[in-house]
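Values in this document were obtained by computation on a predicted structure and should not be read as measured data.
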Amino acid sequence: MASSEMVFDVPRPDPGAAMRVFCFPFAGGGSATYHGWLDQLHPQAELVTVQMPARGTRLADAPCDNMAELVDSLFAHIAPLLDKPYVFFGHSMGSKVAFELASRLHRDGLPLPLHFIASASPAPFLPRAEAPIHALPDAQFIARLASLNGTPQRILQSRELMALLMPAMRADFKLLANYVGHAGTVLPTTLTLCGGSHDDALEHDDMLAWRRVFAGAGELHIFDGGHFYLNEHGAALVALINRLIEAAVLAELPS
């Protein structure tokens, strides 16, 4: 069984931090996606990145293609990290994983994130608009990944790396294809929505639908770019997260 340190990566531990920011990766992504935020994140925030099975420090673990099983594994390891106020941030698939984990925490009476940031994702209860890609032949699957602009070309063009990573990538997209969300749970948490201005696969109304499952209906922030706008505008996104931390988390801490 994976250890808590493998499932939740804390790249720069800070025992004195006032709060934590949990970052959930997109389909095919890993925890290292967010390591570049370390020097930009609020000085009182400790970054926690979610490490998906079959990549990074969990390379030896089997891929997971089932949302319920994935959330069970995260839930089993998160309790030690809930001793401080925290924020959830998820990009694309990561938003849905974060929502399902927050819903599980809510059902079990555990502390919830004070703020939830959903990025480049339709609401979890909406049907998936895109055709599944997880079962495509290798060449077509890689071409589809390339069109999404989320995986570096040096990785897509490496037969060795793709042979290693493709099972995990296919598992992520199968998880998304089979995932059926719900609108029954309303989380008593404040919501913020982020997206790219040229994300052709995502309508703004589909993002705004997230408001149906949060008590604190949030603002929509649009950045210039496509589905992976955060690759070009990471600094602006982190600046937004820092402002939300100040407003939603640090303002509630005793002075």
Side-chain angles (χ1 to χ4, degrees), residues 21-34 36-37 40 49-50 52 67 87-100 102 115-134 136 140-153 155-156 169-181 183 190-214 217-244:
V21 177
F22 289 80
C23 293
F24 296 73
F26 53 88
S31 67
T33 300
Y34 300 111
W37 292 9
Q40 305 170 56
T49 59
V50 177
M52 297 287 285
M67 179 69 85
V87 168
F88 271 1
F89 172 89
H91 183 75
S92 196
M93 180 188 80
S95 296
K96 294 181 172 64
V97 176
F99 173 73
E100 290 297 331
H115 209 99
F116 188 103
I117 307 167
S119 171
S121 173
F125 53 83
L126 295 177
R128 185 164 172 79
E130 295 184 341
I133 70 171
H134 63 276
L136 289 174
Q140 294 180 36
F141 182 71
I142 291 172
R144 183 68 183 111
L145 290 176
S147 72
L148 294 173
N149 294 318
T151 306
Q153 286 295 319
I155 293 178
L156 294 174
M169 292 178 170
R170 288 189 183 277
D172 284 356
F173 283 99
K174 183 177 180 180
L175 180 152
L176 280 176
N178 294 332
Y179 169 66
V180 178
T190 303
L191 170 71
T192 290
L193 301 163
C194 300
S197 58
H198 305 302
D199 189 343
D200 297 333
L202 181 60
E203 299 291 337
H204 288 178
D205 285 347
D206 291 344
M207 284 193 288
L208 292 174
W210 276 94
R211 293 174 174 174
R212 289 174 54 186
V213 290
F214 282 87
E219 297 181 348
L220 173 62
H221 296 264
I222 298 298
F223 296 83
D224 185 37
H227 189 68
F228 285 96
Y229 70 89
L230 74 175
N231 290 340
E232 293 80 28
H233 301 288
L237 177 59
V238 176
L240 170 63
I241 294 172
N242 288 341
R243 292 195 297 273
L244 296 175

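Asn178 contributes atom CG, which lies 6.5 Å from atom NZ of Lys174 (distance to the nearest 0.5 angstrom). If you take OG1 on Thr33 and CG on Asn231, they are separated by 8.5 Å, rounding to the nearest 0.5 Å.
Here salt bridge (charged side-chain N to carboxylate O under 4.0 Å, His left out) pairs that include residues 223-236, with residues two or more places apart or in two chains, number zero.
Scored by the side chain to side chain donor-acceptor pair (under 3.5 Å) test, His221 finds Glu219 as partners (sequence neighbours excluded). Residues passing the side chain to side chain donor-acceptor pair (under 3.5 Å) test with Ser119 are His91, Tyr229, sequence neighbours excluded. Considering only residues two or more places apart in sequence or on other chains, Asn242 meets the side chain to side chain donor-acceptor pair (under 3.5 Å) condition with none of them. Partners of Arg212 by salt bridge (charged side-chain N to carboxylate O under 4.0 Å, His left out), not counting sequence neighbours: none found. For Ser31, the side chain to side chain contact (heavy atoms under 4.5 Å, CB included) partners two or more places apart in sequence, or in a different chain, are Asp9, His35, Thr49, Gln51.
Between Phe22 and Tyr34, the closest side-chain pair of non-hydrogen atoms is not below 4.5 Å. Counting heavy atoms from C-beta on, the side chains of Glu203 and Leu126 never come closer than 4.5 Å. No side-chain heavy atom of Val50 sits under 4.5 Å from any side-chain heavy atom of Val97. Residues Ile117 and Leu244 have side chains in contact (heavy-atom distance under 4.5 Å, counting atoms from C-beta outward). Taking 4.5 Å as the limit, some side-chain heavy atom of Ser95 sits within range of a side-chain heavy atom of Trp210.
The minimum heavy-atom distance between Lys96 and Pro122, with the atom names listed, is NZ-O, 3.4 Å. Scanning both residues, Phe173 and Ala27, for their nearest heavy atoms gives CZ-CB, 3.8 Å. Closest heavy-atom contact between Ser92 and Phe26: CB-CB, 4.0 Å. Taking all atoms of both residues into account, the shortest heavy-atom contact from His115 to Leu191 is NE2-C, 3.9 Å. Closest of all the heavy-atom pairs between Tyr179 and Pro124 is OH-CB, 3.4 Å. Scanning all heavy atoms of the two residues, the minimum distance from Leu240 to Cys194 falls at CD2-SG, 3.7 Å.
Side-chain N or O atoms of Trp37 include none that pairs as donor or acceptor with a backbone N or O of Leu237 at under 3.5 Å.
The aromatic rings of Phe88 and Phe24 sit perpendicular, their planes meeting at an angle over 60°, well past the 30° parallel limit.
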